[in-house]
Amino acid sequence: MNEIPVRVRFAPSPTGPLHIGGVRTALYNYLFARKYHGTFIIRIEDTDQNRLVSGAEDYLFESLAWCGIISDEGPGTGGEYGPYRQSERKEIYREYADRLIANGHAYYAFDTVEELDAMRERLKASESSTQQYDCNSRMAMKNSLTLAAEEVQTRITRGDPYVIRTKVPENETVIFNDLVRGEMVVEANQLDDKVLFKSDGWPTYHLANVVDDYLMKITHVIRGEEWLPSAPLHVLLYKFFGWESIMPQFTHVPLLLRPDGNGKLSKRDGDRLGFPVFPVNWSDPLSGEKSTGFRERGFFPQPLINFLALLGWHPAGDKEVMTMEDMISEFSIEHVHKAGARFDFEKAKWFNHEYLIKMSGSRLAAMFFPVLQEKNISASEEFVARVCDVLKHRCSFLSDFWESGSFFFRQPDSFDEVIVKSKWNEKVKRNFEMLISELNSLSDFTGASVDQFLHRFLGQNNLKAGELFPVLRVALIGTKNGPSVFEIISLLGRDEVIKRIRSSQPIFDKMISML
RNA sequence: GGUCGGUUCGUCUAGGGGUUAGGACAUCUCCCUUUCACGGAGGAAACACGGGUUCGAUUCCCGUACCGACUACCA
């Protein structure tokens with residue numbers, strides 16, 4: 001990249017649970033930092049004291065940790081540019097706002113909320129195309145540009161509430177380069193005089209963000225596209241402060257869109273369409289409302305991250321299934337797409353499935369054990385591992401294992417009636433008896449051997465596969481769908497298979513008699 | 001309304017002045033199979049529209065349409 005060490009930051013506001021879109025922004029920052037052996041910083045932007053949500057910050061760290069996105073500097077980890085929570089840096093910002101006033105790049109404004117509303121109403125009714133507090137309207141407002149110096153002083157010493165606003169220049173073209181979008185050109189007179197410092201003594205995002213990025217020596221600002229419109233203001237601020245030469249490279253990444261319809265992805269979409277939008281479970285402290293996270297929905301972090309990375313970014317080549325290491329080595333801002341990406345839950349599931357089938361049966365077994373324990377089922381490690389090896393191909397999530405394979409751990413209590421009624425007859429019944437006795441002498445219970453044995457059995461008894469296998473399957477697992485009979489027999493083993501065949505017979509007889 | 005951004009199969013995307021416009025998910029067909037899956041093979045499926053520029057535009061430029069973001073003393 002360049003000689004200066006790369007330093008990037010993810011700067012969320014703890015006003016709610018971290019959204020999956022935020023995870024992706026954090027991920028891009030992380031990938032970029034790792035790729036260039038730089039530093040990934042997390043900075044908490046909690047300057048709006050009214051919107052803080054308790055637990056949101058802890059949630060953020062828990063989520064990021066689960067996703068494997070670890071910061072080099074941040075509130076928990078520390079670092080030489082701390083503190084990393086803006087609320088702990090509060091004292092820093094005022095000085096910078098004052099500096100801007102001294103330079104004539106900012107001014108005091110005393111307008112009340114009512115006066116601001118009135119201005120907007122007035123502008124709306126007039127020819128004006130905008131309702132902004134800007135170079136066209138500021139001279140009609142109560143600020144240090146229109147008020148006499150003494151009055152300004154009086155108001156301030158008297159304790160009148162005021163804000164500090166940017167004095168956006170009238171005739172200036174702001175030009176900057178966005179790594180995703182290329183050259184951006186905006187006329188400054190289209191910008192409004194954004195508040196930099198609020199009457200409650202806190203800086204706004206714009207001031208705190210620029211000052212902190214400067215102080216923390218941030219080299220690249222990688223953030224969501226929603227910040228694109230305010231980027232010119234930030235560029236102006238860097239210029240006002242005289243930091244233009246070390247201004248970070250801006251990169252605005254596309255938004256995550258709803259799977260259907262219009263707009264960006266929101267929590268409501270998840271609820272409506274039945275998929276998570278938060279990394280891990282979240283319980284709203286105010287409403288008590290609970291939201292299922294990707295983790296609890298059954299996702300592994302690696303495939304989730306893999307899927308997320310590809311929503312707006314594409315490596316060279318057609319490879320899609322990647323590890324974090326792959327993504328780090330192949331990540332490039334140049335290949336970040338410009339357009340927003342729709343969230344597709346089906347594809348997310350596929351990534352999870354791909355990850356699942358690559359895991360060994362024993363690793364999966366270790367994770368599946370707690371589920372079995374909950375159901376008071378004991379089984380050997382080896383057996384569970386073998387079952388998992390079979391089930392993983394049929395499932396997208398570990399959480400699907402029980403539903404698609406409970407019969408491996410306990411005898412079914414219901415049987416497919418259609419199969420029984422159409423396939424259960426005296427001939428099959430006789431063959432079940434013979435099967436039991438032959439099974440007794442079968443020594444090799446591997447899948448291939450059972451396959452061979454069963455086909456020989458069919459031939460010897462003049463049976464077609466369709467006559468025996470469906471009923472046999474129902475006798476063993478209750479349903480007509482599932483793994484091959486050979487696999488089932490191989491896994492269940494002789495004793496269990498014989499036991500299940502035996503006990504199913506009277507049940508089948510009863511079902512037939514009720515015809 | 002204004003400012004800015006965007007637009008390649010249903011979805012995520014590759015590509016980029018001359019290509020049979022490639023891949024993945026989803027979908028369909030066939031094969032495998034006692035079944036459902038898995039797997040294998042194959043199919044259908046896209047450059048928003050209109051003008052330029054050019055020998056030639058999906059690719060470059062300009063409009064239009066549509067979509068999105070922003071338009072707070074929120075971030």
Are Y28(A) and F331(A) close enough that their ring centers fall under 6.0 Å? yes
Rounded to the nearest angstrom, tell me the gap between atom CH2 in W202(A) and atom P in A75(B). 11 Å
For F397(A), the option from F299(A), F368(A), F294(A), F275(A) that meets ring-ring contact (aromatic ring centres under 6.0 Å, His included): F299(A)
Nucleotide nearest W350(A) when distance is taken to its side chain, options C73(B), A24(B), G1(B): A24(B)
Does OP1 or OP2 of A69(B) have a side-chain N or O of H252(A) closer than 4.0 Å? no
Under 4.0 Å, heavy atoms only, any strand: does W227(A) hit a base, just the sugar-phosphate, or nothing? base
Can you find a heavy atom in the side chain of L265(A) that is under 4.5 Å from one in the side chain of H19(A)? yes
May I ask you to check whether F401(A) and F409(A) place their ring centers less than 6.0 Å from one another? no
Look at all strands and tell whether G317(A) reaches a base, only sugar-phosphate, or nothing, counting heavy atoms closer than 4.0 Å. nothing
Checking N1-N3 plus N6-O4 or O6-N4 for Watson-Crick, or N1-O2 and O6-N3 for wobble, each under 3.5 Å, the partner of U35(B) is none
If I take atom CD in residue E187(A) and atom P in nucleotide G2(B), what distance separates them, rounded to the nearest angstrom? 17 Å
Please state how far atom CG in N136(A) lies from atom C1' in U71(B), giving the value in whole angstrom units. 15 Å
Check whether the ring centres of F432(A) and W424(A) lie less than 6.0 Å apart, and answer yes or no. yes
Atom P, compared across U3(B) and G63(B): separation rounded to whole Å: 13 Å
Consider the side chain of E346(A), meaning its heavy atoms from C-beta on, and name the nucleotide among C73(B), C25(B), G23(B) that approaches it most closely. C25(B)
H455(A) ring center within less than 6.0 Å of F486(A) ring center: yes
Using the P atoms only, state how far U35(B) lies from C30(B), rounded to an integer number of Å. 14 Å
Say you pick atom P in U53(B) and the same atom in A69(B); how far apart are they, in whole Å? 37 Å
NA contact type, I357(A), heavy-atom cut-off 4.0 Å: base, sugar-phosphate, or nothing? nothing
Establish, yes or no, whether a centroid distance under 6.0 Å links the rings of H337(A) and H314(A). no
Looking only at atom C1', what distance separates G10(B) and C61(B), rounded to whole Å? 31 Å
note: L257(A), atom CG; C66(B), atom C1'; distance rounded to Å ~ 13 Å
In the structure I gave you, are the side-chain heavy atoms of R181(A) and P254(A) within less than 4.5 Å of one another anywhere? yes
Could you give the distance separating U8(B) and G1(B) at their P atoms, to the nearest angstrom? 24 Å
Could you check whether K264(A) gets within reach of a base, just the sugar-phosphate, or nothing at all, counting any heavy atom under 4.0 Å? sugar-phosphate
Find the distance Y205(A):OH to A75(B):P and express it as a whole number of Å. 10 Å
Suppose we define a pair by two distances each less than 3.5 Å, Watson-Crick or G-U wobble; what does U58(B) pair with here? none
Of the candidate nucleotides U35(B), A75(B), G6(B), which contains the atom at the shortest distance from the side chain of K338(A)? G6(B)
Among G2(B), U71(B), A69(B), the nucleotide that comes nearest once only the side chain of Q132(A) is considered: U71(B)
Out of U71(B), C12(B), C73(B), which has the shortest distance to the side chain of L116(A)? C73(B)
Round to a whole Å and report the spacing from CZ of R342(A) to P of C9(B). 11 Å
Taking atom C1' in both G50(B) and A41(B), what distance in whole Å separates the two? 43 Å
What is the nucleic acid contact for D46(A), judged by heavy atoms within less than 4.0 Å: base, sugar-phosphate only, or nothing? nothing
Residue-phosphate contact under 4.0 Å: K198(A) side-chain N/O, C74(B) OP1/OP2: yes
Which nucleotide, C73(B), C25(B), U13(B), lies nearest any side-chain atom of H314(A)? U13(B)
Indicate, with a heavy-atom threshold strictly under 4.0 Å, whether R181(A) touches base, sugar-phosphate, or nothing. sugar-phosphate
Is S484(A) near enough to U34(B) that one of its side-chain N or O atoms lies under 4.0 angstrom from OP1 or OP2? no
Taking only side-chain N and O atoms of H353(A), does any of them lie within less than 4.0 angstrom of OP1 or OP2 on A26(B)? no
With rounding to whole Å, what would you report as the distance between C25(B) and A44(B) at their C1' atoms? 16 Å
Roughly how many Å is it from CG in L233(A) to C1' in A75(B), rounded to a whole number? 14 Å
Would you mind pulling out the nucleotide paired to C70(B), Watson-Crick or G-U wobble, both distances under 3.5 Å? G2(B)
Which of the following nucleotides, C4(B), A69(B), C12(B), is nearest to the side chain of M184(A)? C4(B)
C4(B), C12(B), C74(B): which one has an atom nearest the side-chain heavy atoms of K347(A)? C12(B)
Base, sugar-phosphate, or nothing for K480(A), non-hydrogen atoms under 4.0 angstrom? base
Nearest-angstrom distance from the residue atom CG of D192(A) to C1' of U3(B): 10 Å
So what does V485(A) touch, heavy atoms closer than 4.0 Å: a base, only the sugar-phosphate, or nothing? base
Under 3.5 Å, is there a donor on one side chain and an acceptor on the other for N143(A) and Y133(A)? yes
When all nucleic acid strands are considered with a 4.0 Å heavy-atom cut-off, which category describes E45(A): base, sugar-phosphate, or nothing? sugar-phosphate
Which nucleotide sits closest to the side chain of A341(A): U13(B), G6(B), A75(B)? U13(B)
Across the strands shown, which category fits R120(A) at heavy-atom distances under 4.0 angstrom: base, sugar-phosphate, nothing? sugar-phosphate
Does R155(A) make a cation-pi contact with F110(A) (under 6.0 Å, within 45 degrees of the axis)? yes
Between U71(B), U34(B), C74(B), spot the one nearest the side chain of R51(A), thanks. C74(B)
Residue closer to the 5' end of RNA chain B, P254(A) versus T47(A) (nearest nucleotide): P254(A)
Could you give the distance separating U13(B) and G6(B) at their P atoms, to the nearest angstrom? 15 Å
Assuming nearest nucleotide by heavy-atom distance, tell me which of T15(A) and E354(A) is located more 5' along RNA chain B. E354(A)
Who is the Watson-Crick or G-U wobble partner of U29(B), with both distances under 3.5 Å? A41(B)
Using a 4.0 Å heavy-atom cut-off, does S199(A) contact any base of the nucleic acid, only the sugar-phosphate backbone, or nothing at all? base
Once you apply the 3.5 Å cut-off to both distances, tell me the Watson-Crick or G-U wobble partner of A48(B), or none. U64(B)
Contact class for P483(A) vs. all strands (heavy atom < 4.0 Å): base, sugar-phosphate, or nothing? base
